[in-house]
Structures are given as C-alpha cells and as structure tokens.
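Data block below; observations after.
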Amino acid sequence: MTLKQKKLVALTVVFSLCMGITPVANAMHIMEGYLPISFCISWGILCLPFLAAGFFSIRKTLRENRKAITILAMAGAYVFVISSLKIPSVTGSCSHMTGTGLGAILFGPGAVSILGVIVLLFQAILLAHGGLTTLGANTFSMAVAGPFLAYGVYKLCGKCNVNRRVSIFLAAMLGDLFTYCVTSFQLALAYPSTSGGVAASAVKFLGVFAPTQLPLAVIEGILTVILVIGLETYAKPELKSIGFIKEGPTHE
Amino acid sequence: MIVIDKLCYQSNLRYVNAGEKFAFSVLTLLVCVISRSIVIAAIVLAVTGFLTVYKGQIPLFRYLRLLRLPLVFLFLSTLAIILNFSPDPMDAFAVSIGSIYITTSYANLRFALQLILTALASVSCLYFLSLSTPMTDILEVLKKIHCPAILIELMLLIYRFIFILLDIASAMSLSQKSRLGNRNFRTSCHSFGAIGGMLLIRALGKSNALYDAMEARCYDGTIRVLTESHPTRKQEIAWIVFFEIGLIFLAIFLRI
C-alpha cells in the first residue's frame with residue numbers, strides 16, 4: 001500500500017471506531033470505582049447542603065399536604081423513565097436524555113435534587129449507569145448543578161420576556177451542557193494531566209466526550225420543548241395541579 | 001423491562017440475608033476503590049464473578065454482556081487520561097502534529113490499566129449486589145441503617161411507579177412503531193413528545209388513584225409492609241469476615 005492508501009485506511013478505522021462508539025451514548029455518569037475515594041467523599045459532602053435543603057422542603061410539603069408524596073414519587077419515576085427511553089437520533093444510534101432539566105422546570109430544582117439522588121441510585125443499581133461510590137459526584141453534576149442551572153436559565157429567560165419555547169430549549173440544553181462540563185471537570189480534578197495539570201486534563205475530557213455529548217444536549221433541548229408542548233396540549237389540568245402553569249387563563 | 005431487576009429475582013442467592021450481601025459488596029467495593037491495586041482488583045473480579053455466575057446461577061453470557069455496558073465511558077475517559085499534548089515526546093510513543101506531540105509514558109499506561117481493572121472490579125461488586133438482591137430488600141437494609149423514613153418511602157413508591165410507567169411507555173412506543181411513528185427523525189421526535197405528554201397524564205392519574213387506595217386502607221403517613229426475614233447464617237458471615245480481612249491485609253501488604 002502506498003502511504004496515501006495507508007492514511008485512508010487509518011482514517012476509515014478512526015471513523016468507524018467513532019461511529020461504533022456513538023450507538024450507546026448515555027448521559028455521562030461517572031462509572032463505579034472510577035474516582036479515588038477522597039474525591040468520592042468530598043463530592044458527596046459538597047452535595048449535602050443541597051440534599052438537606054431539598055429534604056427539608058419535601059418534608060415541609062408533605063406535612064402540609066400528605067397527598068404530595070405520591071405525586072413526588074411519580075415525578076421521580078417520570079424522570080427515571082424519560083431518561084431510560086430511547087430517544088430519536090439522526091445517526092440511528094441509541095441514546096438517552098438526562099431528563100433532569102425537564103424535571104427542574106416542572107417540579108423545581110429543590111425537589112429534583114432529592115429525586116435526582118434517588119433516581120441516580122436506581123440507575124446505578126438497576127441499569128448500572130453510574131455507581132455507589134461515585135454517587136456523590138454524579139449527584140453533584142446531574143441532580144444539583146444541571147437542574148439548578150436549567151431552572152436559573154428558565155427563570156431568567158422568563159424575566160427577560162424570551163419566547164417560552166426558546167427559554168425551555170435553552171434551559172434544557174444548557175443544563176445538559178453544564179452537567180457535561182461539570183463531569184469533565186470532576187474527572188480532570190481527579191486525574192490532572194502530567195503535562196499541564198487540571199486545565200489541560202479538563203480540555204482533554206471535554207474533547208473526548210464532545211462528539212457524543214454536544215449533539216445529545218441539542219437533542220435534549222429540542223425534545224424537552226416537544227415534551228412541554230405535548231404536556232401543554234394534553235395535560236393542562238395536570239400541569240396546573242403540580243403548579244407549573246399558574247391558575248387562570250393562560251396565553252401562549 | 002429492566003434486565004438486572006428480572007435477573008436478580010431468579011438468582012439463587014436471592015434468599016440469603018440481604019444485610020450480608022449488602023455488607024459484603026460495599027466492603028469489597030471500598031477496599032477495591034481505596035487500594036486501587038491490580039492484584040486486589042483481579043481477586044475481586046474473580047470472586048464476585050464466581051459468586052454471581054456460579055452461586056447465583058446468573059447466565060454467564062448475560063453477565064459478560066452486562067459487564068460490557070460501561071465500557072464506552074471507560075474507553076473514552078481512559079483515552080483522555082492516557083493521551084497527553086506536550087511539546088516534548090514521552091517514552092511510550094509519540095505522534096507529532098505540527099510542533100506538539102500526542103504522547104504518553106509507560107507510567108501513564110500502567111496507571112490506566114490499574115484504573116480500568118479497578119473500575120471493572122467495582123462494577124462487578126455492584127453487579128453482585130444488584131444481581132442477587134431485589135430493590136425492596138436493599139430498602140430494608142437502608143431502613144436498618146437509619147436512612148430517613150421519608151426517603152425510604154419515596155424510594156419504595158418510585159420503584160413501584162417506575163415499572164408502571166415503563167409498562168405504559170413500552171405499550172405506547174410499540175403502538176407508535178406499528179403505525180410507522182418512527183419513520184423518520186421528525187416523526188420520531190413528535191412521537192417522543194406524545195409519549196412524554198401522555199405519560200405524565202397517566203402518571204398523575206395513577207398517583208391519585210394510588211393515594212385514594214392508600215387512604216381507603218388507613219394511610220397515616222407511613223407505609224407499613226410485612227417483610228420476609230431471612231436469618232443470617234454463621235457460616236456465611238464467617239466467610240465474609242474471613243474474605244474481607246484477608247483482602248484488607250493483602251491491600252496493606254501490597255502498599256508496603
């Protein structure tokens with residue numbers, strides 16, 4: 001083979017490898033046993049304030065209205081099921097959305113932090129996405145950072161009178177992207193590069209996961225908008241009952 | 001619907017005391033993650049694999065397929081750890097791109113191998129737990145170690161609801177498929193939205209119905225269920241203690 005042919009073969013190998021990888025693009029759970037124990041513990045501790053706040057807010061809601069427990073549980077299961085459904089994708093690959101952005105928009109970020117930790121535990125045990133030791137780190141990126149950013153973006157867009165659908169798209173997409181950035185940063189902190197330290201390592205992790213995560217974030221944004229449109233057409237009374245749409249006539 | 005959940009109910013280790021299984025897998029997991037040694041990881045991988053496949057009678061093929069699940073993450077992130085972009089080449093190999101090299105050192109490679117094995121061994125620990133212990137048993141253990149009651153209750157309900165919703169969702173997606181609902185990207189996005197919307201309606205309807213049913217049975221804020229008790233066996237505990245102490249000593253020995 002000439003050099004040119006060799007290069008061509010190498011290129012196709014790389015291409016097919018990349019294509020071979022995308023079929024199982026999941027949300028980025030850090031797998032079991034991948035982080036050193038000190039990082040597992042510190043990320044867990046970092047989550048505690050959010051979890052405690054979420055816990056107390058849930059307990060307060062339940063004291064006032066006992067019926068909320070089944071609705072909360074349904075919300076958790078809804079996020080789990082949405083995140084386990086195969087989503088349509090352009091390449092014919094099989095991928096899943098995180099669903100936490102949608103959860104945060106619908107149910108508020110405080111409740112999602114507690115529901116998120118439960119959903120992550122179930123995902124670790126039932127689906128082997130993520131793990132027990134990395135539960136803290138995953139909780140921070142997926143149940144705390146992502147939802148809070150998504151909720152913030154959503155509220156901010158609401159204040160600035162951005163179109164509702166655009167703001168939902170932005171919230172879900174940015175929430176997903178932020179989750180991916182935080183996860184890369186967590187990995188980089190645990191495994192700084194020998195040449196260039198944490199920053200260089202973060203760039204590497206971001207780069208390696210970008211091909212799967214960037215399209216996923218955009219698709220997540222689009223799907224969340226479609227989901228919310230679907231909810232608004234079919235489930236207006238239900239949305240009112242969970243407080244997503246305020247009582248009274250709503251205008252689109 | 002969920003493969004792991006189905007398999008764990010078939011496991012021969014299902015009726016072993018849940019606390020024992022929980023303690024075994026969590027302790028082994030901790031030793032494995034803290035020690036991060038290749039030897040420990042290999043031992044753990046072998047022992048948990050043996051217990052799950054031979055003692056639990058989980059089909060080997062299924063087990064291997066499950067172990068393959070996290071490989072994408074493992075592959076991609078280890079790639080990021082191995083490869084370095086630096087102006088001067090390191091000892092293992094170096095590919096030059098302009099003025100910088102994509103390069104790595106043997107120490108890096110060794111570290112990556114250690115990491116991959118540790119991660120796989122940890123996953124096998126997790127699988128030992130999830131392929132032998134149903135979720136409800138794990139919740140019992142969590143209750144015994146004083147996890148807040150509200151959380152346990154929420155988890156119990158979520159676990160139940162997951163299956164209800166998955167059932168509904170799979171029926172809906174099946175009927176969409178049979179009506180060419182996933183013909184192209186546009187229609188499949190539309191179908192996904194429709195599933196999501198209907199799912200929330202059904203979910204809230206079911207949750208209201210469940211609350212009514214619980215209320216009719218005198219629900220007062222706590223769900224009380226009878227639990228099956230599987231007594232601990234001295235022999236099993238002895239084996240677990242023996243194994244964990246051996247593992248810890250080996251880990252300490254390898255460190256020195």
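Here is the naming used below: chain letters follow the sequence lines, and residue numbers restart at 1 for every chain. These numbers come from a predicted model, not from an experiment.
To the nearest 0.5 Å, atom CE of residue A:Met74 and atom CZ of residue B:Arg160 are 9.0 Å apart. From A:Ile71, atom CD1 reaches atom CG of B:Leu157 across 12.0 Å, with rounding to the nearest 0.5 Å. Remark: A:Gln123 CD to B:Ile162 CD1 distance equals 8.5 Å, nearest 0.5 Å. Distance CZ/A:Arg63 to CD1/B:Ile150: 7.5 Å, rounded to 0.5 Å. We find the CG-CG distance between A:Leu126 and B:Asp5 to be 5.5 Å, quoted to the nearest 0.5 Å. Taken from CG in A:Leu132 to CG in B:Leu126, the straight-line distance is 5.0 Å, to the nearest 0.5 Å.
Atom CZ of A:Phe185 sits in a sparse spot, with 12 or fewer heavy atoms from other residues, nucleotides or ligands closer than 6.0 Å.
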Yes or no on side-chain contact (heavy atoms from CB on, under 4.5 Å) for B:Ile158 and A:Leu72, after CA distance, side-chain angles and deciding distance? CA-CA 9 Å; B:Ile158 289 180; A:Leu72 270 174; over 6 Å; no

Derivation and outcome, ring pair (Phe, Tyr, Trp, His ring centres under 6.0 Å), residues B:Phe111 and A:Tyr191: CA-CA 11 Å; B:Phe111 181 74; A:Tyr191 299 107; 5.7 Å; yes

One pair to check against side-chain contact (heavy atoms from CB on, under 4.5 Å): B:Ser77 and A:Phe209. What are the steps and the verdict? CA-CA 8 Å; B:Ser77 41; A:Phe209 286 106; 3.8 Å; yes

Would A:Tyr34 and B:Val33 count as a side-chain contact (heavy atoms from CB on, under 4.5 Å) if you check the C-alpha gap in whole Å, the side-chain angles of each, and the deciding distance to 0.1 Å? CA-CA 8 Å; A:Tyr34 208 78; B:Val33 173; over 6 Å; no

Please lay out, stage by stage, how B:Arg36 and A:Ile37 fare under the test side-chain contact (heavy atoms from CB on, under 4.5 Å). CA-CA 10 Å; B:Arg36 308 203 130 222; A:Ile37 194 79; over 6 Å; no

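In terms of heavy-atom pairs under 4.5 Å with chain A, the best-connected choice from B:Ser130, B:Ala194, B:Ala119, B:Ser25 is B:Ala119. Put simply, of B:Leu79, B:Leu74, B:Thr133, the one with the most heavy-atom pairs under 4.5 Å next to chain A is B:Leu74. With chain B as the partner, the residue from A:Ala77, A:Gly207, A:Ala75, A:Gly130 showing the most heavy-atom pairs under 4.5 Å is A:Ala77. Contact count versus chain B (heavy atoms, under 4.5 Å) is highest, among A:Ser201, A:Gly230, A:Gly131, A:Pro36, for A:Pro36. Across B:Leu210, B:Asn208, B:Val123, B:Ile201, the residue that shares the most heavy-atom pairs under 4.5 angstrom with chain A is B:Ile201.
At a 4.5 Å heavy-atom cutoff, A:Ala200 makes no contact with chain B through either its backbone or its side chain. In this structure, the portion of B:Leu29 lying under 4.5 Å from any heavy atom of chain A is its side chain and not its backbone. Using a 4.5 Å cut-off between heavy atoms, A:Ile125 touches chain B through backbone and side chain atoms alike. Neither the backbone nor the side chain of A:Leu102 comes within less than 4.5 Å of any heavy atom in chain B. Interface remark: A:Ile229 contributes no atoms to any contact with chain B (heavy atom separation under 4.5 Å). With a 4.5 Å cut-off on non-hydrogen atoms, B:Leu30 touches chain A through its side chain but not through its backbone. The parts of B:Ala203 that come within reach of chain A are both its backbone and its side chain, each placing non-hydrogen atoms under 4.5 angstrom from that chain. Only the side chain of B:Ile138 comes within contact range of chain A, with at least one heavy atom under 4.5 Å from a heavy atom of that chain. Contact annotation for B:Tyr219: both backbone and side-chain heavy atoms come within less than 4.5 Å of a heavy atom of chain A. The part of A:Phe80 that comes within reach of chain B is its side chain, from C-beta onward, which places non-hydrogen atoms under 4.5 angstrom from that chain. Both the backbone and the side chain of B:Thr78 come within contact range of chain A, each with at least one heavy atom under 4.5 Å from a heavy atom of that chain.
Considering all non-hydrogen atoms of both residues, A:Lys204 and B:Ala80 come closest at NZ-O, 2.9 Å. Taking every heavy atom of both residues into account, B:Phe161 and A:Thr70 meet most closely at CE1-O, 3.5 Å. Taking each heavy atom of A:Gly33 and B:Ser122 in turn, the nearest pair found is CA-OG, 3.3 Å.
A:Val81 pairs in a side chain to side chain contact (heavy atoms under 4.5 Å, CB included) with only one of the listed residues (B:Ile195, B:Ile164, B:Leu165), which is B:Leu165.
Residues B:Ile4 and A:Leu127 form no side-chain contact, since every pair of their non-hydrogen atoms from C-beta on lies 4.5 Å or further apart.
With A:Tyr78 contributing its side chain and B:Gly196 its backbone, the two residues share a donor-acceptor pair below 3.5 Å.
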